[in-house]
2 protein chains.
Amino acid sequence: MKVTINDVAKHAGVSMKTVSRVINKEPSVRKKTYDQVMLAVKELNYQPNTAARNLAGTSSFAIGLVYDNPNAYYIIDMQNGVLSRCKEEGYELVIHPCNAQQEDMQAEIATMIKRSRLAGLVLTPPLSEQQPIIDMLDELGVSYVRLLSGHNEDDAEKARNCIYVDDFAAAYEITEHLITLGHKHIAFVCGDEEHKSTTERLAGYKQALADHQIAFNEAFVHNGTYSFESGVQGAKALLEDGNRKQITAILGGNDEVAAGALFAARLMNIEIPAQLSISGFEDSPFSRQTWPKLTTAHQANDVISEHAARLLFSKTRGSRNQDKDIITTFTPSMVVRESTGPAPQ
Amino acid sequence: MKVTINDVAKHAGVSMKTVSRVINKEPSVRKKTYDQVMLAVKELNYQPNTAARNLAGTSSFAIGLVYDNPNAYYIIDMQNGVLSRCKEEGYELVIHPCNAQQEDMQAEIATMIKRSRLAGLVLTPPLSEQQPIIDMLDELGVSYVRLLSGHNEDDAEKARNCIYVDDFAAAYEITEHLITLGHKHIAFVCGDEEHKSTTERLAGYKQALADHQIAFNEAFVHNGTYSFESGVQGAKALLEDGNRKQITAILGGNDEVAAGALFAARLMNIEIPAQLSISGFEDSPFSRQTWPKLTTAHQANDVISEHAARLLFSKTRGSRNQDKDIITTFTPSMVVRESTGPAPQ
DNA sequence: AGTTAAAATGACAACGCTGTCAAATAGCTA
DNA sequence: TAGCTATTTGACAGCGTTGTCATTTTAACT
């Protein structure tokens, strides 16, 4: 019934340690021995016991994914990306949703790490941006990978455990797209202020305006959160203002915000895109399920998180498995759908 | 740095076993002893090592959540519900997305269980409906809880590890709501045929029609899948047919399907709800983000999954923790929003 | 063939906890 | 207070692996 490493060892005529070497893909095992052992493993249908490995080994065979993000699509993509890598490496994934605002966040994460002796951690925004958490992790000596907004900077030391999404570039591209369509009064409904992605996207938007000699108008920026509701309110606020006559395009902080803006426009009987262009960010399934479908910037969260996991494993497993194909900066690319069009006269 | 149970024992002046008893909430520990130990635990900030507990104990401190469902909102709710219970009980959660179609599904799940020595499993539809998987679990002697569509039947033996969502009742209620609004030609865009929820919802719909002396019309039923795209196609097929003149209401298999129907109606310049009423199922956040907002049947997936976990733990942990407040049948309740209205003349 | 370094393998003690079972203590009753 | 039972505690082995380090085998040289 229960097959242990000892059974396999006997069956293959080698020592337990050799079997251990084989299943851990350690070097210094002759091909012939390797095959013998693998055969025995197959024949007995041996499953290494995770608990025992975790206990005996230096670090456990589990990594953690920490997030505080209400966007289900985002989370699922993140999970699946990391999970696929974990499967590949024979690791388990411990998911940990949490509340970034919470006082003792660091303590909670530290507890989780200790309890499960996690081999590493993948941190998603906004938690990846919180210095106290990073400090705690450094102190604990746990390896981690941060998902961040921005691009791989000069600071190579820090960059070594960061994966960037270039929101600046994405915002720039979308804004330019709108400008090319003739829009001159482009509003921006921002996501949460404290998220780096918000500042990055805002900066990209501003830069595009500047590069095309369009004056930046503070009144065209509405601060909100990354939610549908916030998009509704933001768009309403912008459009109900005397500005309505001027604004011909709205950039939503993400797809949900854009969908909210779409909703608000509908309430106000504004035709999209004839009277108003709207675009989002991220290209979540959501953006294909609105009417009209959203122009947005495609961001492959599952691929991104898979690379985050790769990067983590390349550090965790020491020398072997030096994955050199890890992309550390992702630049979303624009997807033009039906929610943007030429500026009205 | 690393605090073991032995350190705590010394600090509290008791044996390791006693500390073990305390942290496992075993009976037969004098209050005074208990307090001493708890104090030591606090003072040393002791974190039990999961791997060691898993290895030494009879079963591990982890349960699994198995799913094959493309709906991100559904999954996240499931995860969060189970997770909250796990936290309470000090268990870990191993998530396992998979593909129900896959040949060797049972083997894959069996492997997962053995590797992690899972204490139990929560199965969501449609996997919870697959007999081969259930048989495998029974054979392995692993406890599990199945999330099912239907209601707690007479077969008490089986019911002991099932949580039901009464989709029949929900469909009945929604259909009746539409009938009350004067609708006589109500179409149904079904989800995946092989899901029990589809048959249940269809049955509820039929029953409501029958109870109100409305003839069931086969042509008003469209078979599809639980996706937005399928909703679009289903609604198109129904409405473009010569039936268009007749159909005044559409029941979507779930909120996504309903949103798809909404989308299709928009493409065809049909006003909702003036010309056509549409309703969904589940009340996912999605249903509040369409325009107009969807009438649907509220189904608290997080609460449901939390109860599934409760039920699982009540069986896992033997006698202690006999949770008697477990709800085993949930009946969604209708939420009327803007997508349904009186039947047009 | 003889020597030496390098590679492959094995013996055995941890890893940190819980199960088992025996020992000690407390709470009774007569 | 002795004598008995019920309750509480402790000693110790063992869960199934991996790390360490010693040993054996192979390869690579003179």
Side-chain angles (χ1 to χ4, degrees), chain A residues 1-37 40-41 44-62 90-92 114-117 119 316-318 320, chain B residues 1-37 40-41 44-62 90-92 114-117 119 316-318 320:
Chain A
M1 187 70 238
K2 198 187 303 174
V3 184
T4 74
I5 204 169
N6 193 28
D7 302 325
V8 178
K10 279 183 193 145
H11 196 87
V14 297
S15 74
M16 278 166 53
K17 182 65 214 187
T18 299
V19 177
S20 172
R21 288 195 178 93
V22 170
I23 60 176
N24 287 297
K25 298 197 178 58
E26 285 178 33
S28 307
V29 176
R30 207 163 302 163
K31 173 108 181 43
K32 195 183 129 206
T33 316
Y34 180 91
D35 292 339
Q36 274 175 53
V37 172
V41 166
L44 301 179
N45 186 27
Y46 165 68
Q47 303 297 342
N49 178 316
T50 311
R53 304 221 290 170
N54 290 351
L55 182 58
T58 315
S59 91
S60 88
F61 286 77
Y91 272 60
E92 279 180 1
K114 281 190 204 153
R115 291 177 76 110
S116 302
R117 290 180 77 222
T316 298
R317 302 283 291 271
R320 84 168 155 286
Chain B
M1 190 69 239
K2 198 187 303 175
V3 184
T4 75
I5 205 170
N6 194 27
D7 301 325
V8 179
K10 280 183 194 147
H11 195 87
V14 297
S15 74
M16 278 165 56
K17 182 67 216 187
T18 298
V19 177
S20 172
R21 288 196 177 91
V22 170
I23 60 175
N24 287 299
K25 297 197 177 58
E26 285 176 32
S28 310
V29 176
R30 206 164 302 161
K31 172 108 179 47
K32 195 182 130 205
T33 317
Y34 181 90
D35 291 340
Q36 274 175 55
V37 173
V41 166
L44 300 179
N45 186 29
Y46 166 68
Q47 303 298 340
N49 177 318
T50 311
R53 304 221 288 169
N54 290 351
L55 184 57
T58 315
S59 92
S60 89
F61 285 77
Y91 271 60
E92 279 182 0
K114 281 189 203 154
R115 291 177 75 111
S116 303
R117 291 179 76 222
T316 298
R317 301 286 290 270
R320 82 167 156 287

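Chain naming here is simple, since letters A, B, ... match the order of the sequence lines and numbering starts at 1 in each.
- The line from OG of B:S60 to CZ of B:R115 is 13.5 Å long, rounded to the nearest 0.5 Å.
- At least one side-chain nitrogen or oxygen of B:T58 sits closer than 4.0 Å to the OP1 or OP2 atom of C:dG19.
- Comparing atom distances between the B:A52 side chain and each of C:dT9, C:dG16, C:dG19 picks out C:dG16 as nearest.
- Across the protein-nucleic acid pair, B:I5 atom CD1 and D:dG14 atom P stand 19 Å apart, rounded to whole Å.
- For the atom pair NZ (A:K2) and CZ (B:R117), the distance works out to 5.5 Å, reported to the nearest 0.5 Å.
- With rounding to the nearest 0.5 Å, the separation of OG1 in B:T18 from CD1 in B:I23 is 11.5 Å.
- For A:N54 and C:dC15, the shortest distance from a side-chain N or O to OP1 or OP2 is not below 4.0 Å.
- If you measure from atom NZ of B:K25 to atom C1' of C:dT18, you get 16 Å, rounded to the nearest angstrom.
- Within the 4.0 Å cut-off from OP1 or OP2 of C:dT9, at least one side-chain nitrogen or oxygen of A:T33 is found.
- In the set D:dG16, C:dC17, C:dT9, the nucleotide with an atom closest to the side chain of A:T4 is D:dG16.
- If you check D:dA11, C:dG16, C:dG10 against the side chain of B:S15, the one that comes closest is D:dA11.
- The CD atom of A:Q36 sits 15 Å away from the P atom of C:dA8 (whole-angstrom rounding).
- The interatomic distance linking A:M16 (CE) with D:dT20 (C1') rounds to 14 Å, in whole Å.
- Sequence order on DNA chain C of the closest nucleotides to A:K17 and B:S20 puts A:K17 first from the 5' end.
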Exercise for review: Apply the test side chain to side chain contact (heavy atoms under 4.5 Å, CB included) to residues B:N45 and A:K114: give CA-CA distance (whole Å), side-chain angles for both, the deciding distance (0.1 Å), then the verdict.
Suggested key: CA-CA 11 Å; B:N45 186 29; A:K114 281 190 204 153; 3.8 Å; yes
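- Rounded to whole Å, the distance from CZ on A:R30 to P on C:dA7 is 12 Å.
- Put simply, A:N24 has a side-chain N or O that comes within less than 4.0 Å of OP1 or OP2 on D:dT18.
- No hydrogens or angles were tested; on distance alone, a donor-acceptor pair under 3.5 Å links the side chain of B:R21 to the base of D:dG10.
- For A:K2, the side-chain atoms get nearest to D:dG16 when compared with the rest of D:dG16, D:dT20, D:dG10.
- Nucleic acid contact for B:Y46: sugar-phosphate only, since backbone atoms but no base atoms lie under 4.0 Å from a heavy atom of the residue.
- Taking 4.0 angstrom as the limit, A:S28 places none of its side-chain polar atoms (N or O) nearer than this to OP1 or OP2 of C:dA7.
- OP1 or OP2 of C:dG10 has at least one side-chain nitrogen or oxygen of A:T18 nearer than 4.0 Å.
- Atom OG1 of residue A:T4 and atom CG of residue A:L44 lie 9.5 Å apart, to the nearest 0.5 angstrom.
- In this structure, A:R117 places its CZ atom 9 Å from C1' of C:dG16, rounding to the nearest Å.
- Within the structure, a side-chain polar atom (N or O) of B:R53 is placed less than 4.0 Å from OP1 or OP2 of C:dT18.
- Using a 4.5 Å heavy-atom threshold, the side chains of B:R53 and B:N49 count as separate.
- B:N49 places its CG atom 18 Å from the P atom of D:dC15, with the value rounded to the nearest Å.
- Between B:F61 atom CZ and C:dG16 atom C1' the separation is 13 Å, expressed in whole Å.
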